[in-house]
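A quick write-up on the structure given underneath.
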Amino acid sequence: METTLASDNLENLRADEILDALLVAREGTRACLTCSFQAEDMIVLQLVRQRIPRIPVLFLETGYHFKDTYEYRDRMAKKWSLNLVNVVPQQTVEQQESEFGILYRSDPSRCCQLRKVEPLFEALEPYELWFTGLRREQSPTRKNLKKIEEHRLPSGKKLLKVSLLADWTWGQVWEYTSKNELSYLPQYDQGYLSIGCEPCTAIPNDPSNPRSGRWSGAKLECGIHTFSEKGQ
Ligand code: SF4
């Protein structure tokens with residue numbers, strides 16, 4: 001792992017500049033992108049796919065997404081010829097509910113662990129570069145996010161987690177989306193600001209904290225961005 005890439009050297013560069021620098025420095029490196037098809041993810045996906053058209057696009061297929069999300073995912077996968085990888089949990093929704101009941105009500109952390117965290121860390125194993133659409137402004141839990149962080153998976157495998165839009169504001173996201181005529185999830189037009197599984201997503205009461213609409217404000221992270229150990 002080249003530590004220089006995980007340093008502050010690239011922090012002040014634009015998203016496209018960081019991406020280009022990374023791809024030159026890590027030519028041939030296996031890269032993937034996690035994508036929930038939210039506005040930030042579509043910007044990162046747009047930037048990355050121009051350079052790596054067949055990059056695996058990992059979608060955490062929990063089985064609990066909005067119908068609109070599935071329709072948008074499928075429409076964009078076709079339109080952009082994406083290499084879509086649906087990352088599925090060990091159990092179907094029916095199997096899990098039959099064994100444990102409605103975990104998103106009784107124990108949402110366990111539900112996220114089974115349907116998101118465990119499947120994701122297995123799915124990330126083959127890669128050295130992991131692109132995300134995370135931004136510092138999204139949540140207090142993300143305020144210290146760096147654009148490039150070295151992470152260690154539970155298996156010990158290390159990879160670079162790259163958040164090209166870490167310093168972007170919500171305004172910048174929409175300015176880019178509009179300027180580049182990117183389509184977006186229809187739920188935004190209904191007032192949603194952070195969109196995940198349907199049972200755990202609501203229109204936020206506090207617009208200054210978009211993720212306050214997730215899990216009724218009871219928690220802010222599903223765990224996929226906190227399960228791995230940050231190297232620096
Ligand atoms: S966000 Fe909700 S439904 Fe989705 S995996 Fe987590 S607890 Fe389950």
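All values below come from the heavy atoms of this structure, side chains included, with hydrogens, waters and symmetry mates left out. Position 1 is the first residue of the sequence, and the numbers go up from there.
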With side-chain contact (heavy atoms from CB on, under 4.5 Å) as the criterion, how do E97 and Y104 come out once you've worked through the C-alpha distance, each side chain's angles and the decisive distance to 0.1 Å? CA-CA 10 Å; E97 291 186 353; Y104 61 74; 4.3 Å; yes
Neighbour count >12 (heavy atoms, 6.0 Å) for atom CD, E27: no
Can you list the steps and then say if L185 with Q38 is a side-chain contact (heavy atoms from CB on, under 4.5 Å)? CA-CA 7 Å; L185 281 168; Q38 295 187 78; 4.3 Å; yes
Is R135 salt-bridged to E40, cutoff N-O under 4.0 Å? yes
Would you give the length of the straight line joining atom CG of L165 to atom CG of D41, rounded to the nearest 0.5 angstrom? 9.0 Å
Among side-chain atoms of T69 and Q187, is any donor-acceptor pair under 3.5 angstrom? yes
Side chains of R26 and L160, heavy atoms from C-beta outward: is any pair under 4.5 Å? yes
Just verifying a value: how many Å separate E17 CD and L19 CG, rounded to the nearest 0.5 Å? 11.0 Å
State plainly whether the residues E137 and R142 are in salt-bridge range, i.e. N to O under 4.0 Å. no
So do the side chains of C32 and L124 get within less than 4.5 Å of each other, counting heavy atoms only? yes
Atom CG in L129, atom CG in L159: separation rounded to 0.5 Å? 8.0 Å
Assess, by modelled atom type and distance only, whether the side chains of T34 and T132 contain a donor and an acceptor separated by less than 3.5 Å. no
Please identify each residue that fulfils side-chain contact (heavy atoms from CB on, under 4.5 Å) with E198, with sequence neighbours left out. F66
When every non-hydrogen atom of D167 is compared with those of Q172, the smallest separation belongs to O-OE1, 3.8 Å
List the atom of I52, the atom of A31, and the distance in Å for their closest heavy-atom pair. CD1-CB, 4.4 Å
Cluster link L60 to V88, ILVMFWY, side chain under 4.5 Å: no
Output the distance between atom SG (C112) and atom CG (D107), rounded to the nearest 0.5 Å. 9.5 Å
Is any side-chain heavy atom of Y184 less than 4.5 Å from a side-chain heavy atom of V173? no
Closest non-hydrogen contact found for V44 with G133 is CG2-CA, 3.9 Å
May I ask you to decide whether R136 forms a salt bridge with E11, counting only side-chain N to carboxylate O separations under 4.0 Å? yes
S155 versus E125: any side-chain heavy-atom pair under 4.5 Å? yes
Between atom CG of L10 and atom CD1 of I148, what is the distance when rounded to the nearest 0.5 Å? 4.5 Å
Can you find a pair of side-chain heavy atoms, one from S183 and one from M76, that are under 4.5 Å apart? yes
Salt-bridge contact E71-R75 (side-chain N to carboxylate O under 4.0 Å): no
Over 60° means perpendicular and under 30° means parallel, so classify the ring planes of F37 and Y72, tilted if in between. perpendicular
For F131 and L45, run side-chain contact (heavy atoms from CB on, under 4.5 Å): C-alpha distance rounded to whole Å, both residues' side-chain angles, the deciding distance at 0.1 Å, then the answer. CA-CA 9 Å; F131 290 100; L45 179 50; over 6 Å; no
Could you give the distance from CG (L82) to CG (L33), rounded to the nearest 0.5 Å? 9.5 Å
Taking R14's backbone N and O only, do any of them form a donor-acceptor pair with K147's side chain (distance below 3.5 Å, no angle check)? no
By the rule that ILVMFWY residues connect when side-chain heavy atoms come within less than 4.5 angstrom, directly or transitively, which residues belong alongside F100? L103, L114
Return the minimal non-hydrogen interatomic distance between W174 and A39, and the atom names on each side. CZ2-CB, 4.1 Å
Residue set satisfying side-chain contact (heavy atoms from CB on, under 4.5 Å) with L182, at least two apart, ordered chain then number -> I43, Q46, W80, Y176, T177, N180
For the student: nearest non-hydrogen atoms of S81 and R54, plus distance: O-NH1, 2.9 Å
Less than 4.5 Å apart, any side-chain heavy atom of D16 and any of R51? yes
Please give me the minimum heavy-atom distance between T62 and R115, naming the atom from each residue. O-NE, 2.7 Å
With a 4.5 Å heavy-atom cut-off, do C111 and Q96 have their side chains touching? yes
Aromatic ring pairing H65/F59, orientation class (parallel under 30°, perpendicular over 60°, tilted between): tilted
